[in-house]
Amino acid sequence: GASPVYSRPKRGMGKKVDLALDRLQFAIVHYAGTVEYTAAAWLEKNRGTLHPDLPKLLAASTAPLLAALFETRATADESKRETVGHSYRGSLRALSRTMASTEQHYIRCIKPNEKQKADSFSGQAVERQMRYTGLSAVV
């Protein structure tokens, strides 16, 4: 079914569209409004590798999370460095496995007004946030 947060980009009147490129374009409704994206050449743009010193530097970080994330990459064989795209796919698969094995709960915070003032409520501001976050489709 159609998603309230995903759509095809809107095309202007008389605007020529490259059909091959058009299939790779999409729009996401974010909290701030609709943002258009294209997946054209995404993997090619992300085939670069990290500089060999970067994983070692991050693995030596005093921040436990950073050190843990880069611990195995710091000792990896430099001749078989992982591309950014490959790393992205691995991270996405790990995230998907984690999400599939858990029961997610979300807390959505809605600001009652744009002035950040106590005891002030703006129905328009609340409605806009609910629409942009897709909350009205869930409720």
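In this text, all values refer to a predicted model and were calculated from it rather than measured experimentally. Excluded from the calculations below are hydrogen atoms, water molecules and symmetry mates; all remaining heavy atoms, backbone and side chain alike, are included.
- From Glu71, atom CD reaches atom OG of Ser61 across 12.5 Å, with rounding to the nearest 0.5 Å.
- Between Pro55 and Phe70 the shortest heavy-atom distance is O-CB, 3.7 Å.
- By the side chain to side chain donor-acceptor pair (under 3.5 Å) test, Ser101 is found to be paired with no residue, residues two or more places apart in sequence or in another chain being considered.
- Every residue meeting the side-chain contact (heavy atoms from CB on, under 4.5 Å) condition with Ala27, not counting sequence neighbours, appears here in chain and number order: Ser7, Thr34, Glu36.
- Going from atom OH of Tyr132 over to atom CD of Glu127 covers 10.0 Å, rounded to the nearest 0.5 Å.
- Here the NZ-OG distance, from Lys111 to Ser122, works out to 12.5 Å after rounding to the nearest 0.5 Å.
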query = Checking side chain to side chain contact (heavy atoms under 4.5 Å, CB included) for the pair Val35/Ile28: CA distance, chi angles, key distance, verdict?
reply = CA-CA 5 Å; Val35 179; Ile28 301 287; 5.5 Å; no
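- A donor-acceptor pair under 3.5 Å links the side-chain atoms of Asn113 to the main chain of Lys117, judged by distance alone.
- Under the rule for a side chain to side chain donor-acceptor pair (under 3.5 Å), the partners of Tyr37 that lie at least two apart in sequence or sit in another chain are His30.
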